[in-house]
Amino acid sequence: MCGIVGYIGSRPVYPLLVEGLKRLEYRGYDSAGVAICDTTARIYKCSGKIRDLEASVSGKDTQGTAGIGHTRWATHGKPNDVNAHPHVSGNGHFILVHNGIIENYSVLKAKLQDRGYTFKSETDTEVLVNLIEYIYLKGKTEAEVAVRLALTKVAGTYGIVVICNDEPGQLIAARRSSPLVIGIGAGEYFIASDTSPLAGQVQSVIYMNDDDVAIIKRNELVLKTLATDEPRIKLHNLNIDTGEFDKGGYDHYMLKEIFEQPVSITNTFRGRLLPDKNEIRLGGLFHVMPRLQEAGRIIIVACGTSWHAGLIGEYLIEDLARIPVEVEYASEFRYRNPVVGPGDVVIAISQSGETADTLAAVRLAREAGALVLGICNVTGSSLSRETDAGVYTHAGFEIGVASTKAFTAQVTVLIMTALLLGYKKGSLTKEQYASFIGELDSIPASIEKILADNEFYLNLAKEFKDFPSFIFLGRGYCFPVALEGALKLKEISYIHAEGYPAAEMKHGPIALMDENMPVVVLALKDKSYDKIISNLQEIKARKARIIAIVNEGDTLVPDIADRVISIPAGSVIFSALLAVIPMQLIAYHISVMRGCDVDQPRNLAKSVTVE
Ligand code: M6R
């Protein structure tokens, strides 16, 4: 959460900072600010989005070729002008942008107050910038030394970029748990929370590791760690199509990303799913396959939508490969003293690869000796660098805060993994394996068919947009899809929604059923179809409004449900990939009709890098 961008070189810095911040805006959009600092620093910041910052800066002096910028997701203090970053130290020597949380800020603040410091904002960041200045002035030392010393006194997480007004022409960056990547150009450097601001600007990047400190000048980059002066530089190529940052003619990124799914799923299995050879090849798992096959247990850790994908993974792996699987919220796993050890395989799923709880769960599992694998969308992310092996989802940049194409890509990877494991372990026959491979290959075409009915979902949304609450029900593979449908609706339309296993309805939620409660029921033709028909009758008897998602050709459900959505028929293991699409579309259209900010819903950020 929070996006940081910095630049030092010979180009005008302000447009680069603003463009970079726009690409990072998904990380937080409560307030924004920039500091332009070649000689005398100019700081502009305000509450609101980047467009509000641009409006407030219009006509002001933005000349300069070095600077830093920040887009904020508020942790400590309201999203107002004063709490916006950059923050300046009391005597004006330092300017700083920060992503993360300084956990011991109140202790440090009290100490600084005892030494005469006063604070303008409610932020933990202002404490850090003053701590740096205090050490700098007291020790009569260089800026770099003051930054490194200050960071040894800090508990918590940070990605920071610091400017010292006494040492112009230099940016100092450091990270612990909050990502930072350095972009390397000719006589110029960028620094950013992820690679998106660097796309189209540089070809080479360095992903900073925890405890790295970078001293960046126009013609020199020095990378150290907090503890040593040892440089550790590993260059990576950056290859991102800047077209990914356009809305591509759609009104919102979310809609673009929903419609991209036939292509993004194809990209996920490209070169991995080989229908001609009846083969699945997951290069990233090649070396760990024997250990994965022998695993006594697999534990999947994730958060939010990725956790829903993990639940589907549990059903898939147990069903197809007969390996016991547990799925855990990463935030619970990391703190509940779990039993995990060398016999286990832990799979961490994360779109961003930067979710703080998921990364902490990964570290815990690795320390306990488990083999840790990652399923991740963002190349070079912390997750991809901290796991033993893994599979990229290759869904392309997902910018809408509500996850859509990343979810279907995760499920696609999990399907391929489960099929491969099932075949290797002998729980799937060659024929079954080949048949599933062929069916997965045809999923993008089935999704195209669902998307072609967009108008139908628009009308459905018109009919249901004003209901204050929804329930989503499903069984088996469709239960996690019900959870995902509820999450999509609540996070972008602010309508209360709950997902439940359909049979659990009788144990509580049925008390909510009346004519004012729309119930979205996944009633696909699987082994619990008869049971779900009974559930539908029970709901109808309570006069609730039923929206049923069925397989094409269903003749029973249309007699019971108020509205029926038909999706192509197929094997149950692919249910999630198809059934989630109508839910994404309904949530999207309802959100638009209710005037909500679809791509940047209130209080959320895409990448949750704080606990
Ligand atoms: O980047 P991650 O997949 O680790 O993110 C996990 C969740 O924060 C994320 O899925 C969140 O729930 C989305 N807003 C859901 O649409």
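First listed ligand is number 1; within each ligand, the first listed atom is number 1.
- Scanning the protein for heavy atoms near atom 8 (O) of ligand 1, the closest one is V608 CG2, 3.9 Å.
- Nearest protein heavy-atom contact of atom 6 (C) of ligand 1 is C303 O, 3.3 Å.
- For residues 592-611, no residue pair satisfies the ring-ring contact (aromatic ring centres under 6.0 Å, His included) rule, not counting sequence neighbours.
- More than 12 heavy atoms of other residues, nucleotides or ligands shown are found within 6.0 angstrom of NZ on K490.
- For a threshold of 3.5 Å applied to N or O pairs, the pair formed by Q410 and ligand 1 contains no separation below that value.
- No side-chain N or O of S591 forms a donor-acceptor pair with one of K465 less than 3.5 Å apart.
- Tested against H98 for a side-chain contact (heavy atoms from CB on, under 4.5 Å), the candidates D124, V161, I4, T123 yield a single pass: D124.
- The ligand atoms of ligand 1 that sit less than 4.0 angstrom from a heavy atom of A402 are 16 (O).
- The contact set between ligand 1 and Q351, taken as ligand atoms under 4.0 Å from a residue heavy atom, comprises 1 (O), 2 (P), 3 (O), 4 (O).
- To the nearest 0.5 angstrom, I300 atom CD1 is 10.5 Å from Q410 atom CD.
- Annotation: atom 5 (O) of ligand 1 to nearest protein heavy atom, T355 OG1, 3.5 Å.
- On a distance-only criterion, V401 and ligand 1 share at least one N/O pair closer than 3.5 Å.
- Screening residues 370-387 for salt bridge (Lys or Arg N to Asp or Glu O under 4.0 Å), with sequence neighbours left out, gives R363-E386.
- Between the side chain of D194 and the main chain of S196, a donor-acceptor pair closer than 3.5 Å is present.
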Please step through ring-ring contact (aromatic ring centres under 6.0 Å, His included) for the pair Y250 and F259, ending with a clear verdict. CA-CA 9 Å; Y250 290 92; F259 272 82; 5.7 Å; yes
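- The single protein non-hydrogen atom nearest to atom 15 (C) of ligand 1 is T305 OG1, 3.0 Å, given as residue, atom name and distance.
- In this structure, of M254, E491, E398, E484, the residue bringing a heavy atom nearest to atom 13 (C) of ligand 1 is E491.
- Ligand-side atoms of ligand 1 in range of G304: 10 (O), 12 (O), range being under 4.0 angstrom from any heavy atom.
- S352 OG, 2.7 Å is the protein heavy atom nearest to atom 1 (O) of ligand 1.
- When the options E260, Q261, Q584 are evaluated for a side-chain hydrogen bond (donor to acceptor under 3.5 Å, both in side chains) with K405, the one that passes is E260.
- Near S306, meaning under 4.0 Å from one of its heavy atoms, ligand 1 places the atoms 2 (P), 3 (O), 10 (O).
- Heavy-atom separations between K488 and ligand 1 include at least one value shorter than 4.0 Å.
- Within the listing of ligand 1, atoms 15 (C), 16 (O) sit less than 4.0 angstrom from a heavy atom of S403.
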